[in-house]
Visitor: 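Right, I'll just put the structure down here and ask away after.
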Amino acid sequence: MPASTPMDPRRFWDNRYAEADWAYGCEPNDFLREQAQQLQTGEALCLAEGQGRNAVHLATLGHSVTAQDLSPVGLNRAERLAQERGVAIHCLCCDLNDLQLEPESTDLVVAIWMHLPPDLRARVHADAVRALRPGGHLILEAYTPRQLTLGTGGPPTADLLIEPDQLRLELQGLDWLVLREQERWIEEGPYHRGQSAVVQALGRKPQRN
């Protein structure tokens with residue numbers, strides 16, 4: 001989900017996550033669910049995680065999960081969802097501008113709908129690759145600029161969307177197991193619903209020789 005808006009980002013997301021309904025549902029993203037089931041468990045980091053649906057799903061699979069978001073309201077919902085599902089997650093409330101990732105510190109990085117201004121996005125992507133241990137994986141789904149014509153979710157401006165070729169450039173250092181652009185039906189709460197133009201990526205950091 002996007003982590004930047006034209007207005008004060010924290011206020012925007014606090015307001016959205018305070019709504020009675022789950023903004024993007026309380027079940028995991030379809031692509032994450034599909035790809036995560038084949039991965040070994042380990043330490044996982046979910047970026048721009050919002051209300052925690054993906055982090056909680058990974059925890060139910062046995063991962064030790066950190067959920068990062070700038071909204072304390074969203075992360076409070078994430079903690080409650082984890083309790084309801086009988087798992088534990090660690091919540092990290094901070095802006096991605098301020099996030100410092102240690103090299104080779106995690107086995108899995110997840111970025112579902114993490115739509116950022118281009119300069120910040122490129123830095124976060126590069127940091128995410130460095131943060132992966134050899135053999136670790138990155139799972140990502142994002143809207144492409146074609147989404148603007150569909151209007152079924154995501155940011156309203158093209159600079160916050162990403163082309164597959166740009167994604168490949170920003171995530172150099174990964175071997176691609178999946179990197180595809182497609183249109184697919186999405187139904188994730190009230191804010192992601194309908195035919196959608198997306199890029200999906202599953203990358204693996206090579207093992208050392």
Visitor: Could you check whether any side-chain heavy atom of Q147 comes within less than 4.5 Å of a side-chain heavy atom of T152, counting everything from C-beta outward?
Guide: yes
Visitor: Identify the two heavy atoms, one from A23 and one from R16, that lie closest to each other, and give their separation to 0.1 Å.
Guide: CB-CG, 3.8 Å
Visitor: With rounding to the nearest 0.5 angstrom, report the OG to CD distance, S71 to Q51.
Guide: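 It is 8.0 Å, given to the nearest 0.5 Å.
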Visitor: The criterion is side chain to side chain donor-acceptor pair (under 3.5 Å); which residues satisfy it with Q182, sequence neighbours excluded?
Guide: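 So Q182 forms a side chain to side chain donor-acceptor pair (under 3.5 Å) with Q200.
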Visitor: According to the salt bridge (charged side-chain N to carboxylate O under 4.0 Å, His left out) rule, which pairs have a member within residues 74-86, sequence neighbours left out?
Guide: E27-R85
Visitor: If the condition is side chain to side chain donor-acceptor pair (under 3.5 Å), which residues does Q35 pass it with, not counting sequence neighbours?
Guide: Q38
Visitor: Side chains of D69 and Y17: closer than 4.5 Å at any heavy-atom pair?
Guide: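 Touching, per the 4.5 Å side-chain cut-off.
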Visitor: Do I112 and L75 sit in the same hydrophobic cluster, where Ile, Leu, Val, Met, Phe, Trp and Tyr count as joined when their side-chain heavy atoms come under 4.5 Å apart?
Guide: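 Unlinked, I112 and L75 end up in two clusters.
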Visitor: Got L70 and L96 here, is their nearest side-chain heavy-atom distance under 4.5 Å?
Guide: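 No, too far: nothing below the 4.5 Å cut-off.
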Visitor: State, with a plain yes or no, whether a side-chain heavy atom of L81 is found less than 4.5 Å away from one of W22.
Guide: yes
Visitor: For side-chain contact (heavy atoms from CB on, under 4.5 Å), just list the numbers for V199 and Q166, CA-CA rounded to whole Å, side-chain angles, deciding distance to a tenth of an Å, and then say yes or no.
Guide: CA-CA 11 Å; V199 57; Q166 184 65 28; over 6 Å; no
Visitor: Check for a donor-acceptor pair, side chain of H137 on one end and backbone N or O of G203 on the other, with a separation under 3.5 Å.
Guide: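 No, H137 side chain to G203 backbone: no donor-acceptor pair under 3.5 Å.
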Visitor: Taking C-beta and beyond as the side chain, do N15 and R11 meet within less than 4.5 Å on heavy atoms?
Guide: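 Side chain of N15 against side chain of R11, heavy atoms only: contact under 4.5 Å found.
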Visitor: Anything under 3.5 Å between a donor and an acceptor, one on a side chain of residues 172-179, the other on a protein residue two or more places apart or in another chain? List them.
Guide:
{"from": "Q172", "atom 1": "NE2", "to": "L169", "atom 2": "O", "distance (Å)": "3.1"}

Visitor: Please find the pair of heavy atoms, one from P145 and one from L161, that lie closest to each other, and give the distance.
Guide: CA-CD1, 3.6 Å
Visitor: What residues form a side chain to side chain contact (heavy atoms under 4.5 Å, CB included) with A59, not counting sequence neighbours?
Guide: V65, V87, I89
Visitor: Same cluster or not: L167 versus L120, using hydrophobic residues (I, L, V, M, F, W, Y) connected whenever any side-chain heavy atoms lie under 4.5 Å apart?
Guide: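 The answer is yes; both residues are in one hydrophobic cluster.
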Visitor: Which heavy atom in P72 sits nearest to a heavy atom in D14, and how many Å separate them?
Guide: CD-OD1, 3.5 Å
Visitor: Looking at every heavy atom in both N54 and C46, which two are closest together, and how far apart are they?
Guide: C-SG, 4.5 Å
Visitor: State, to 0.1 Å, how close T157 and L148 come at their nearest heavy-atom pair, and which atoms those are.
Guide: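 Smallest heavy-atom distance, with atoms named: N-CD2, 4.0 Å.
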Visitor: Got L132 and T106 here, is their nearest side-chain heavy-atom distance under 4.5 Å?
Guide: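 Touching, per the 4.5 Å side-chain cut-off.
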Visitor: Does the side chain of Q68 come within less than 4.5 Å of L101's, by heavy atoms?
Guide: no
Visitor: Could you name each residue pair satisfying salt bridge (charged side-chain N to carboxylate O under 4.0 Å, His left out) that touches residues 185-197, not counting sequence neighbours?
Guide: R53-E188
Visitor: Say whether L116 and L47 are linked into one hydrophobic cluster, either directly or through other cluster members, by side-chain heavy-atom distances under 4.5 angstrom.
Guide: yes
Visitor: Test of understanding: with side chain to side chain donor-acceptor pair (under 3.5 Å), list the residues that count as partners of Q37, not counting sequence neighbours.
Guide: none
Visitor: Look only at the side chain of H192 and the backbone of I186, and say whether a donor-acceptor pair between them is shorter than 3.5 Å.
Guide: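 The answer is no, because no donor-acceptor pair under 3.5 Å joins these two groups.
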Visitor: State the SG-CZ distance between C93 and R10, to the nearest 0.5 angstrom.
Guide: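 Rounded to the nearest 0.5 Å, the SG-CZ separation comes out at 5.5 Å.
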Visitor: Who pairs with R184 by salt bridge (Lys or Arg N to Asp or Glu O under 4.0 Å), at least two apart in sequence or on another chain?
Guide: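 Checked R184 against salt bridge (Lys or Arg N to Asp or Glu O under 4.0 Å); matches are D30, E141.
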Visitor: With sequence neighbours left out, write down each residue that passes side chain to side chain donor-acceptor pair (under 3.5 Å) with E183, or none if nothing qualifies.
Guide: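 Per chain and number, E183 pairs via side chain to side chain donor-acceptor pair (under 3.5 Å) with no residue.
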Visitor: Looking at every heavy atom in both C94 and L99, which two are closest together, and how far apart are they?
Guide: SG-CD1, 3.9 Å
Visitor: For residues 163-174, which residue pairs pass the salt bridge (charged side-chain N to carboxylate O under 4.0 Å, His left out) check, not counting sequence neighbours?
Guide: R121-E170, R146-E163
Visitor: If you measure from CG on L108 to NZ on K205, what distance do you get to the nearest 0.5 Å?
Guide: 13.5 Å
Visitor: If you measure from CG on L39 to CG on L61, what distance do you get to the nearest 0.5 Å?
Guide: 9.0 Å
Visitor: What residues, two or more places apart in sequence or in another chain, satisfy salt bridge (Lys or Arg N to Asp or Glu O under 4.0 Å) together with D159?
Guide: none
Visitor: Please list all pairs meeting salt bridge (charged side-chain N to carboxylate O under 4.0 Å, His left out) that have one or both residues in residues 89-112, counting only residues at least two apart or in different chains.
Guide: E104-R208, D107-R133
Visitor: With the side chain counted from C-beta on, respond yes when N29 and V110 share a heavy-atom pair under 4.5 Å apart, and no when they do not.
Guide: no
